[in-house]
Amino acid sequence: MITERELQNTLLETCDALGIRAFHVHDSRRQVRKDGRLQLVGDARASGYPDLTIIAQGGAIWAELKSEKGKLNPDQVEWLESLPPHRAHVWRGRDLDLAIDIIRRGHPPGNCPTCWTCSRENHDGGEPT
């Protein structure tokens with residue numbers, strides 16, 4: 001089973017290999033580097049920002065990365081709900097191949113199991129499974 005960190009590293013390496021720009025947010029509240037270490041900036045508005053921002057085919061993609069059993073917190077849900085339709089995803093290790101395909105080609109035709117918009121429209125309003 002692939003870990004969240006392995007998923008993140010593989011996706012970032014894939015973006016690099018494809019020449020696609022990607023930005024990783026380790027902790028959206030800790031993005032200031034001082035004296036060689038990250039420090040909390042205390043911006044509550046940043047809490048929950050998705051782990052990856054990828055400028056791919058057809059525009060930006062935002063992805064929240066989770067372990068197989070990981071759950072979204074309320075701030076993460078709020079961010080995902082505020083992003084453009086079919087551009088926000090929740091990716092887990094089992095979604096690696098689909099995630100790479102989405103990075104290369106964009107949102108697949110029809111329902112996408114990792115897409116925040118599709119999961120809200122086609123399920124009980126919960127997060128992608």
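One is the number of the first residue; the rest follow in order along the sequence. Keep in mind that the numbers below use all heavy atoms, side chains included, and drop hydrogens, waters and symmetry copies. From a predicted model like this one, the values you see are computed outputs, not experimental measurements.
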Grouping I, L, V, M, F, W and Y whenever their side-chain heavy atoms are under 4.5 Å apart, do [X] and [Y] come out in a common cluster?
X: I103; Y: L52; answer: yes
X: L98; Y: W116; answer: no
X: I54; Y: L96; answer: yes
X: L83; Y: W91; answer: no
X: L18; Y: L11; answer: yes

Side chain of [X], backbone of [Y]: donor and acceptor closer than 3.5 Å?
X: K66; Y: K71; result: yes
X: R92; Y: G70; result: yes
X: N9; Y: E6; result: no
X: E68; Y: G93; result: yes
X: R87; Y: I61; result: no

Should the ring pair H89 and H107 be called parallel, tilted or perpendicular, given that the plane angle runs from 0 to 90° and is split at 30 and 60?
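Ring orientation of H89 relative to H107: tilted.
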Supply the atom-to-atom distance [X] [atom1] to [Y] [atom2], rounded to the nearest 0.5 angstrom.
X: H86; Y: I102; atom1: NE2; atom2: CD1; value: 11.5 Å
X: I2; Y: R94; atom1: CD1; atom2: CZ; value: 12.5 Å
X: D75; Y: L80; atom1: CG; atom2: CG; value: 11.0 Å

Minimum-distance pair of heavy atoms, taken over all atoms of [X] and [Y]:
X: A56; Y: I20; answer: CA-CG2, 4.2 Å
X: G110; Y: C118; answer: O-SG, 4.2 Å
X: T117; Y: P85; answer: OG1-CA, 3.3 Å
X: G48; Y: W79; answer: C-CD1, 3.3 Å
X: W62; Y: P84; answer: CZ3-CD, 3.6 Å

Identified side chain to side chain contact (heavy atoms under 4.5 Å, CB included) counterpart of L7 within the set L65, D95, L12, D51
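Passing option: L65.
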Test of understanding: with salt bridge (Lys or Arg N to Asp or Glu O under 4.0 Å), list the residues that count as partners of D16, not counting sequence neighbours.
none
Does atom CD of E78 have more than 12 heavy-atom neighbours from other groups under 6.0 Å away?
no
